[in-house]
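These notes concern the structure reproduced below.
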Amino acid sequence: MALIHRFRSVLSGEETPRDGSLRPDISSFVEGFSIETMPRTAQKIADFSAILPAGTRVYIAHIDGTPIEDMVATAARLRREGFNPMPHFPARIIRDRATLDDWIARYQGEAAVDQALLLGGGVTTPHGDFDSAIQLLESDAFGEAGFRRLHVAGHPEGNRDIDPDGGSRNVDSALKWKSNFAKHSDAQMAIVTQFTFDPEPVIAWANGIKAAGVDLPVHIGIAGPAKLQTLIRFAVACGVGPSLKVLQKRATDVTNLLLPYEPTDLVAALAAHKAADPSFNIEQLHLFPLGGIAASAGWARAQLKDVAHG
């Protein structure tokens, strides 16, 4: 774990790499990355094909109050521009099975959508019949519609909305159920996680769920380039736990407040672990564009460009 500890020093601002020795080839880790948007932020992008590789999976976050018409229109636009839209289906804002079927039909009919992220959602009180991603899976609405890929949420640092005591019993039980469900589903399934800033909790969590029998591949959530103050605000709001300390420690150095955070060192640490253990269950990178879609897409392209011309 010595290499991981050195990367933590770089991330916290205690150590700056003087050469490439701390930065293994991360191209294979970045290649095939996914990213997300919302209808209102998508409107700010003139042409996604100018900033993202063709065929990129683009999640569309469904915030409570966003009209389904706006969600479907965004998915259709992404499809026209050459991307694979993956809309969120937040269980607690879906009133009933008829609403769920209607959303699925709209996405399929207008945007040829065949993949979705199923999650509980950000609201506390359900708007209707559904309360969890498990209930959405149990409905078999996606299986009946022929969806080829279904993703579910993962929380490397826990989720106090699900486990108020700060433990992980409920989230672990839910992941085990979803992993068992995947064995009998025709859809490809994977876990996409909340963003994090510290490789050690991620590695421990990924190894832990694998040891517990959860064999779904993991798409690890990483925050894209952004101001440090912005990341701290999002981290607090989203309940990111242990790795928040990495950001807070970095923020004690005033000079770091003036520089945008980039996830390169974190990704390099995870890539190094993957290289050392090819069976490591993290399969892909998912970017949360907290500092803007263009900035995150530009960072990803830079990693791939460095390799292509290196």
Side-chain angles (χ1 to χ4, degrees), residues 34 36 57-64 66-76 78-79 83-155 159 161-163 169-194 209-210 212-219 281 283-284 286:
S34 58
E36 66 180 60
R57 178 179 296 118
V58 182
Y59 293 70
I60 310 172
H62 195 154
I63 306 302
D64 187 26
T66 303
I68 186 61
E69 292 79 8
D70 292 355
M71 292 290 298
V72 173
T74 302
L78 287 166
R79 178 67 73 190
F83 302 98
N84 291 314
M86 177 177 262
H88 290 195
F89 280 78
R92 296 187 196 104
I93 71 170
I94 302 173
R95 295 189 180 279
D96 49 33
R97 175 62 190 261
T99 301
L100 176 59
D101 289 341
D102 177 61
W103 287 14
I104 289 173
R106 291 190 190 200
Y107 279 123
Q108 287 190 315
E110 299 178 39
V113 166
D114 60 1
Q115 50 188 312
L117 170 62
L118 313 186
L119 66 169
V123 301
T124 303
T125 303
H127 291 188
D129 297 339
F130 297 110
D131 185 45
S132 67
I134 288 177
Q135 291 176 336
L136 294 179
L137 290 169
E138 285 178 324
S139 76
D140 199 34
F142 298 93
E144 293 173 4
F147 271 50
R148 67 180 182 84
R149 178 173 282 275
L150 298 172
H151 288 183
V152 294
H155 306 276
N159 185 325
D161 289 338
I162 302 174
D163 287 288
R169 183 181 64 177
N170 293 331
V171 292
D172 290 346
S173 175
L175 276 183
K176 190 65 180 292
W177 188 96
K178 293 165 187 173
S179 180
N180 290 334
F181 178 90
K183 296 174 183 177
H184 307 286
S185 172
D186 292 331
Q188 290 181 282
M189 292 186 64
I191 300 166
V192 61
T193 78
Q194 179 60 277
I209 64 169
K210 185 177 180 179
V214 175
D215 57 3
L216 295 175
V218 175
H219 295 196
N281 52 352
E283 175 186 80
Q284 192 172 308
H286 175 63

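Heads up: numbering here begins at 1 and tracks the sequence.
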Salt bridge check, [Y] against [X]: does any charged N sit closer than 4.0 Å to a carboxylate O?
X      : Y      : answer
Glu110 : Arg79  : no
Asp101 : Arg97  : yes
Asp215 : Lys210 : no

Work out which heavy atom in [X] is nearest to a heavy atom in [Y]; give both atom names and the distance.
X      : Y      : result
Phe130 : Ile94  : CD1-O, 3.5 Å
Gly121 : Pro90  : CA-CB, 3.8 Å
Pro85  : Ala111 : CG-O, 4.4 Å
Glu36  : Ala61  : OE2-CB, 4.1 Å
Lys178 : Met189 : O-CE, 4.1 Å
Pro87  : Met71  : CB-CE, 4.4 Å

Show your reasoning for whether side chain to side chain donor-acceptor pair (under 3.5 Å) applies to Thr99 and Asp96.
CA-CA 5 Å; Thr99 301; Asp96 49 33; 2.8 Å; yes
Would you give the length of the straight line joining atom [atom1] of [X] to atom [atom2] of [Y], rounded to the nearest 0.5 angstrom?
X      : Y      : atom1 : atom2 : result
His62  : His88  : NE2   : NE2   : 10.5 Å
Met86  : Gln115 : CE    : CD    : 4.0 Å
Ile191 : Leu175 : CD1   : CG    : 4.5 Å
Ile60  : Thr66  : CD1   : OG1   : 11.0 Å
Trp177 : Ser179 : CH2   : OG    : 11.0 Å
Asp114 : Ile104 : CG    : CD1   : 12.0 Å

Any donor-acceptor pair under 3.5 Å linking the side-chain atoms of Tyr59 with those of His286?
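Note: His286 and Tyr59 side chains miss the donor-acceptor criterion.
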Once side-chain contact (heavy atoms from CB on, under 4.5 Å) is applied, do any residues pair with Asp64, and if so which ones, sequence neighbours excluded?
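For Asp64, the residues satisfying side-chain contact (heavy atoms from CB on, under 4.5 Å) (neighbours in sequence not counted) are Ile93, Val123, His127.
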Answer whether the closest heavy-atom distance between the side chains of Glu138 and Phe181 falls below 4.5 Å.
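Sidechains of Phe181 and Glu138: no contact.
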Are any non-hydrogen side-chain atoms of Gln284 and Ser34 less than 4.5 angstrom apart?
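With C-beta onward as the side chain, the pair touches.
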Check whether any side-chain N or O of Arg92 sits under 3.5 Å from a backbone N or O of Asp131 as a donor-acceptor pair, and report yes or no.
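It does hold such a pair.
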Are more than 12 heavy atoms from other residues, nucleotides or ligands located less than 6.0 Å from atom CG of Asp140?
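Atom CG in Asp140 is packed in, count exceeds 12.
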Ring centres under 6.0 angstrom apart (Tyr107, Trp103)
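No, ring centres 6.0 Å or more apart.
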Report the C-alpha separation of Asp102 and Arg106 in whole Å, then their side-chain angles, then the decisive distance to 0.1 Å, and conclude whether the salt bridge (Lys or Arg N to Asp or Glu O under 4.0 Å) test is met.
CA-CA 6 Å; Asp102 177 61; Arg106 291 190 190 200; 3.1 Å; yes
Which is it for Gln135 and Ser132 under the side-chain contact (heavy atoms from CB on, under 4.5 Å) test, yes or no, and what are the steps along the way?
CA-CA 5 Å; Gln135 291 176 336; Ser132 67; 3.5 Å; yes
Between Leu100 and Asp129, does the side-chain contact (heavy atoms from CB on, under 4.5 Å) criterion hold? Intermediate values first, please.
CA-CA 10 Å; Leu100 176 59; Asp129 297 339; over 6 Å; no
